[in-house]
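Okay, so here's the structure we're looking at.
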Amino acid sequence: MVQGTVIGNPDAAVSTFAKIEEGQPGAISFLANPKYSKYIYTTGSSVVLVKRDFEPEGEVKATLIKVDDPYATVATLLRMVSEMLAPKHVGIEQPSYISEGVTIPEDGYVGAFAYIGKGVTLGKGVKIFPQAYIGDGVTIGDNSVIYPGVKIYHGCKIGARCVLHAGAVIGADGFGFAPVGEHYEKIPQIGIVEIADDVEIGANTTIDRATMGATRIGHGVKLDNLIQVAHNCEVGHDTVMASQSGIAGSTKIGSNCQVGGQVGFAGHLHIGDRVMIGAQAGIPADVPSDQQIIGSPPSPIKDFFRQAAAVKRLPDLIKTVRDIERRLNNIDK
């Protein structure tokens, strides 16, 4: 199943998963981070997934399965088990509200207290869990899952095989207000949100509708919980972003980027492809492709850690400078 090479007992059987440091008989674990290598010699797990080039330095009791990428392999196995164990939701629960003319596919699901507005289009196998709100004219592609309490405002488009977790809000108004004298006038937000295929949106994440046009999330994007994507932003395909990050209006983030937690982007920026941004960075300006940055203002990762190391030495440096000043004063005297 995983195209691995077995080292050890080929008849070892497993029935559960366990972290390598918490291994137990009958469990399968994995070793991907070298920091955990010491546990390979003490784990109680029956089977451990390791990299193909792994060579033990001592006795290993567990059966090893050598694979290209242990982390990706265990993800595949977990996904398989999850699909096997997940309840099969099909049909329409009551009470729920489905507008006249909306077709629920035979293999679809609508949970209790869900609301589906006028002109909604649902693809094959779409699952809409209880208390979700699907506004007028929304389109949802095949096999997408809308978990409890998700709100999708009118006109927004969700691709195929997407997952929107509980509390996500898609298509609320962008933060657009024009100063008029001493008060602010609301700028109507008449655009939509377009989410491509294979996107996962975390719990309580919000993606605002565009002032005009569309706020766009590219295919394969993974957004963690509690993320804010403002109006008219674009996130390129296969970009991942950790929790509590925020993107101000009209900023465009490239493809295959990795964004740590609590990163803040100013508005109207362009972030290139394959950019890696460390946690809590503040991004005030454009970033070209293939950069690794951290900090606020951001700097290359190596420079940042050199600066951090230098800051730790400041008390000793200040003491040294004062000592030099005292000696110089004595010389002058």
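Just the heavy atoms: all of them, side chains too, but no hydrogens, waters or symmetry mates, feed the values below.
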*May I ask you to decide if the ring planes of Y39 and Y36 are parallel, tilted or perpendicular, using 30° and 60° as cut-offs?*
tilted
*Could you give the distance from NZ (K19) to OG (S29), rounded to the nearest 0.5 Å?*
10.5 Å
*asked:* Please find the pair of heavy atoms, one from V180 and one from E185, that lie closest to each other, and give the distance.
replied: CG2-CG, 3.4 Å
*List the atom of G176, the atom of Q189, and the distance in Å for their closest heavy-atom pair.*
CA-NE2, 4.0 Å
*Sequence-distant partners of F17, ring pair (Phe, Tyr, Trp, His ring centres under 6.0 Å), two or more places apart*: none
*Set of ring pair (Phe, Tyr, Trp, His ring centres under 6.0 Å) partners for Y184, sequence neighbours left out*: none
*Can you tell me if N225 uses its side chain to pair, donor with acceptor, with the backbone of A203 under 3.5 Å?*
yes
*Check: T239 side chain, Q258 main-chain N or O, donor-acceptor pair, under 3.5 Å*: no
Taking only distance into account, with no hydrogens and no angle test, what donor-acceptor pairs under 3.5 Å do side-chain atoms of residues 153-171 form with protein atoms, sequence neighbours excluded?
residue, atom, partner, partner atom, Å
H154, NE2, R209, NH2, 3.3
R161, NE, D198, OD1, 2.7
R161, NH2, D198, OD2, 3.1
H165, NE2, E200, OE2, 2.7

Name every donor-acceptor pair, under 3.5 Å, that has one atom in a side chain of residues 54-67 and the other anywhere in the protein, sequence neighbours excluded.
residue, atom, partner, partner atom, Å
E55, OE2, K66, NZ, 3.2
T63, OG1, N9, N, 3.1
T63, OG1, N9, O, 3.2
K66, NZ, F54, O, 2.9

*asked:* Whether K186 and D173 form a salt bridge (side-chain N of Lys/Arg under 4.0 Å from carboxylate O of Asp/Glu) is what I want to check.
replied: yes
*Enumerate the residue pairs fulfilling salt bridge (charged side-chain N to carboxylate O under 4.0 Å, His left out) with a member in residues 281-304, sequence neighbours excluded, ordered by first and then second residue.*
R274-D290, D303-R306
For residues 112-137, please give each side-chain donor-acceptor pair under 3.5 Å, one per line with the distance, not counting sequence neighbours.
residue, atom, partner, partner atom, Å
K127, NZ, H89, O, 2.7
K127, NZ, D107, O, 2.9
D136, OD1, K118, N, 2.9

